[in-house]
J.: 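One structure, pasted below without further comment.
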Amino acid sequence: MIEFFGSLVIRPSFENEMEILKMSEHQMIDAMWDDSPVDVSAETSMIWSIANKLRGPYQSDKYKDVIIPMTIIRRFECALEPTKDMVVEQYEKNPNYPAKAMYRISGFQFYNTSRFTLAELCNDPDHLADNFISYIQGFSSNVQEILLSEAKGLDFKKQITKMDKNNRLLAVVKAFSELDLNPRTIDNVKMGYIFEDLIRRFSENAEAGDHYTGRDIINLMVNILLAEGCDDIFDDGKVITILDILLKSDKLKTSAKNNSEKDFEFSYFDNIDDALIEGLDQNQDFFSLLLGNDEIKREVLGIFAEEIYKSLRDA
């Protein structure tokens, strides 16, 4: 699953949003153990209908070059909406304001400093392409790399130019501006299923190796990893052997000692990789699996973030 929304920093003015997203976090953990299907047919059908606007300049197997980035952009925009004005205000006061401090204002590990929204972009169709690129460049550098990088990302600027030249850009941007991908109505678990279904559809004619690993396969792999001798895995105070190497991490120790639990979780996955690399000689196959697959790493180790924090804080 593509996960865009990690732990948030609590601020009193966003208690309602926090409760909703905390519920999503628990649902995400529960979903790993729950094989019940999540119906996303309405959402994916709506997004798929937008893809039909690309017919002509794009072959159907290339729709994904537009639809996946646009879905990401819209999801980010909906998530950032409650804090957008505060982020823009802070940026205009100080364009050099540190990124990590801006994360705390936005509530996520990304932000956008542009005053544009997808809806507002449509008000100036003559300059839509340039303004749209400017809007994307308003995102924090980590998001820009995902959307714009030719080497590491989606190289979406090329698609903006292509849509603009073929008179498709306005219709696509307008349609996505009206799409509800708000995390307060579509939680992270459901959003993950939406992405999986879209990628599955776009990969139906893909070559071997180009397919997305489905949730059912991830569930199976995680269940196998945790299946044997794990009856007491969720007992209070239980420390699993797999966590020993993490509990020795100086970065995690420092973070736990100096931060609240939410602040610790905010940087948790950033600090895990170093610890896993140090542990390669102890369990090379397993730690290599975690290092090589962010999704499995988050599914397996995300469950224990609270336990790791408490153990390190009280050590």
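Each residue takes its place number in the sequence, starting with 1. Model, not experiment: these values are computed from the prediction.
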J.: Are L121 and V88 connected, step by step, through hydrophobic side chains (Ile, Leu, Val, Met, Phe, Trp, Tyr) whose heavy atoms are closer than 4.5 Å?
T.: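 L121 and V88: separate clusters.
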
J.: I'd like to check P183 versus R75 (side-chain heavy atoms, cut-off strictly below 4.5 Å). Are they in contact?
T.: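 Yes - at least one pair of side-chain heavy atoms lies under 4.5 Å apart.
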
J.: Within this structure, what is the SG-CG distance for the pair C78 and L118, rounded to the nearest 0.5 Å?
T.: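 C78 atom SG to L118 atom CG measures 8.5 Å (nearest 0.5 Å).
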
J.: Where do P57 and N166 come nearest, in terms of heavy atoms and distance?
T.: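 Here P57 and N166 meet closest at CG-CB, 3.5 Å.
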
J.: Salt bridge or not between D187 and K190? Use side-chain N to carboxylate O under 4.0 Å.
T.: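 No salt bridge links D187 with K190.
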
J.: Is there a donor-acceptor pair closer than 3.5 Å between any side-chain N or O of T44 and the backbone N or O of S41?
T.: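 Yes, the answer is positive, given that a donor and an acceptor are paired below the 3.5 Å cut-off.
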
J.: Drop me the distance from S45's OG to I50's CD1, to the nearest 0.5 angstrom.
T.: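 These two atoms lie 11.5 Å from each other.
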
J.: What orientation do Y103 and Y111 show, parallel under 30°, tilted 30 to 60°, or perpendicular over 60°?
T.: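 Tilted.
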
J.: Decide yes or no for S177 and E120: does some side-chain heavy atom of the first lie under 4.5 Å from some side-chain heavy atom of the second?
T.: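 Heavy-atom side-chain distance check fails, nothing below 4.5 Å.
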
J.: Are any non-hydrogen side-chain atoms of F156 and I73 less than 4.5 angstrom apart?
T.: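 Counting from C-beta outward, F156 and I73 do come under 4.5 Å.
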
J.: Verify, without hydrogens or angle tests, whether N142 (side chain) and Q109 (backbone) share a donor-acceptor contact under 3.5 angstrom.
T.: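 Between the backbone of Q109 and the side chain of N142 there is a qualifying donor-acceptor contact (under 3.5 Å).
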
J.: Determine the minimum heavy-atom distance between K84 and T117, stating which atoms define it.
T.: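 It is NZ-CG2, 4.4 Å.
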
J.: Would you mind checking if E92 and R115 are paired as a salt bridge, meaning a charged N to carboxylate O distance below 4.0 Å?
T.: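 A salt bridge links R115 with E92.
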
J.: Does atom NZ (K257) have a neighbourhood of more than 12 heavy atoms from anything else shown, all under 6.0 Å?
T.: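 Yes - once you tally the heavy atoms of other residues, nucleotides and ligands closer than 6.0 Å, there are more than 12.
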
J.: Where do L80 and F139 land on the side-chain contact (heavy atoms from CB on, under 4.5 Å) test, with the steps shown first?
T.: CA-CA 11 Å; L80 293 173; F139 278 108; 4.0 Å; yes

J.: Looking at K53, I'd like to know if its NZ atom is crowded, meaning that more than 12 non-hydrogen atoms belonging to other residues, nucleotides or ligands lie closer than 6.0 Å.
T.: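 Open.
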
J.: Counting only heavy atoms not in F176, do more than 12 sit closer than 6.0 Å to its CZ atom?
T.: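 Above 12, so yes.
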
J.: Going through the distances and angles, do H127 and D124 end up as a side chain to side chain donor-acceptor pair (under 3.5 Å)?
T.: CA-CA 6 Å; H127 302 94; D124 187 5; 3.1 Å; yes

J.: Are D65 and D155 close enough that some pair of their side-chain heavy atoms sits under 4.5 Å apart?
T.: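 No. Closest side-chain heavy atoms not under 4.5 Å.
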
J.: Measuring only between side-chain heavy atoms, which start at C-beta, is F132 closer than 4.5 Å to D164?
T.: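 Not touching, per the 4.5 Å side-chain cut-off.
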
J.: Step by step, would you call Y193 with D197 a side-chain contact (heavy atoms from CB on, under 4.5 Å)?
T.: CA-CA 6 Å; Y193 276 101; D197 192 66; over 6 Å; no

J.: What's the separation between atom CD1 in I133 and atom CG in L147, rounded to the nearest 0.5 Å?
T.: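 Result: 12.0 Å between the selected atoms.
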
J.: To the closest 0.5 Å, what do you measure between CE (M102) and OG1 (T113)?
T.: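 Atom-to-atom, M102:CE and T113:OG1 are 7.0 Å apart.
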
J.: With ring centroids as reference points, do F110 and F76 lie under 6.0 angstrom apart?
T.: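 So the answer is yes for these two rings.
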
J.: I want to check something: taking the side chain as every heavy atom from C-beta on, are I136 and I160 in contact at a cut-off of under 4.5 Å?
T.: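 The answer is yes, as the side chains (C-beta and beyond) meet within the 4.5 Å cut-off.
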
J.: Under 6.0 Å from the NZ atom of K162, do we count more than 12 heavy atoms belonging to anything else shown?
T.: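 For K162, atom NZ is crowded (more than 12 foreign heavy atoms under 6.0 Å).
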
J.: If we ignore hydrogens and angles and just use 3.5 Å, is the side chain of N258 paired with the main-chain N or O of T254 as donor and acceptor?
T.: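 Looks like yes, one N/O pair under 3.5 Å.
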
J.: Tell me the closest heavy-atom pair linking Y97 and A101, and the distance in Å.
T.: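 Between these two residues, the closest heavy atoms are CE2-CB, 3.5 Å.
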
J.: Under 4.5 Å between any side-chain heavy atoms of L181 and T71, yes or no?
T.: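 L181 reaches T71 side chain to side chain.
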
J.: Before giving the answer on side-chain contact (heavy atoms from CB on, under 4.5 Å), spell out for F264 and I308 the whole-Å C-alpha distance, their side-chain angles and the decisive distance to 0.1 Å.
T.: CA-CA 10 Å; F264 173 81; I308 291 172; 3.9 Å; yes

J.: So which atom in S106 and which in T83 form the shortest heavy-atom distance, rounded to 0.1 Å?
T.: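 That would be O-OG1, 2.9 Å.
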
J.: Indicate the atoms forming the closest heavy-atom contact of P82 with A79, along with that distance.
T.: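 Smallest heavy-atom distance, with atoms named: CD-O, 3.3 Å.
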
J.: Salt bridge check: are R104 and D263 linked by an N-O gap of less than 4.0 Å?
T.: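 Yes, this pair counts.
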
J.: Would you say that more than 12 heavy atoms from the other residues, nucleotides or ligands in this model lie under 6.0 Å from the NZ of K157, or not?
T.: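 At most 12 heavy atoms, drawn from other residues, nucleotides or ligands, come within 6.0 Å of this atom.
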
J.: Go through the steps for N182 and R74 under the test side chain to side chain donor-acceptor pair (under 3.5 Å), then give the verdict.
T.: CA-CA 9 Å; N182 195 312; R74 180 56 179 162; over 6 Å; no

J.: Under the side-chain contact (heavy atoms from CB on, under 4.5 Å) rule, what do Y309 and L252 come out as? Steps first, then yes or no, please.
T.: CA-CA 8 Å; Y309 171 74; L252 289 174; over 6 Å; no

J.: Just to verify, which of R168, M163, K64 counts as forming a side-chain contact (heavy atoms from CB on, under 4.5 Å) with Y58?
T.: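 Answer after filtering R168, M163, K64: M163.
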
J.: To the nearest 0.5 angstrom, please state how far the CG atom of D180 sits from the OG1 atom of T185.
T.: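 It is 3.5 Å, given to the nearest 0.5 Å.
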
J.: Quick one: pull up OG in S255 and CZ in R313 and give me the separation to the nearest 0.5 Å.
T.: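 Rounded to the nearest 0.5 Å, the OG-CZ separation comes to 12.5 Å.
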
J.: Do E43 and L198 have side-chain heavy atoms sitting under 4.5 Å apart?
T.: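 Of all side-chain heavy-atom pairs linking L198 with E43, none is under 4.5 Å.
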
J.: Go through the side-chain N and O atoms of Y135 and E77 and say whether any donor and acceptor fall under 3.5 Å apart.
T.: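 On atom types as modelled, these side chains qualify, holding a pair under 3.5 Å.
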
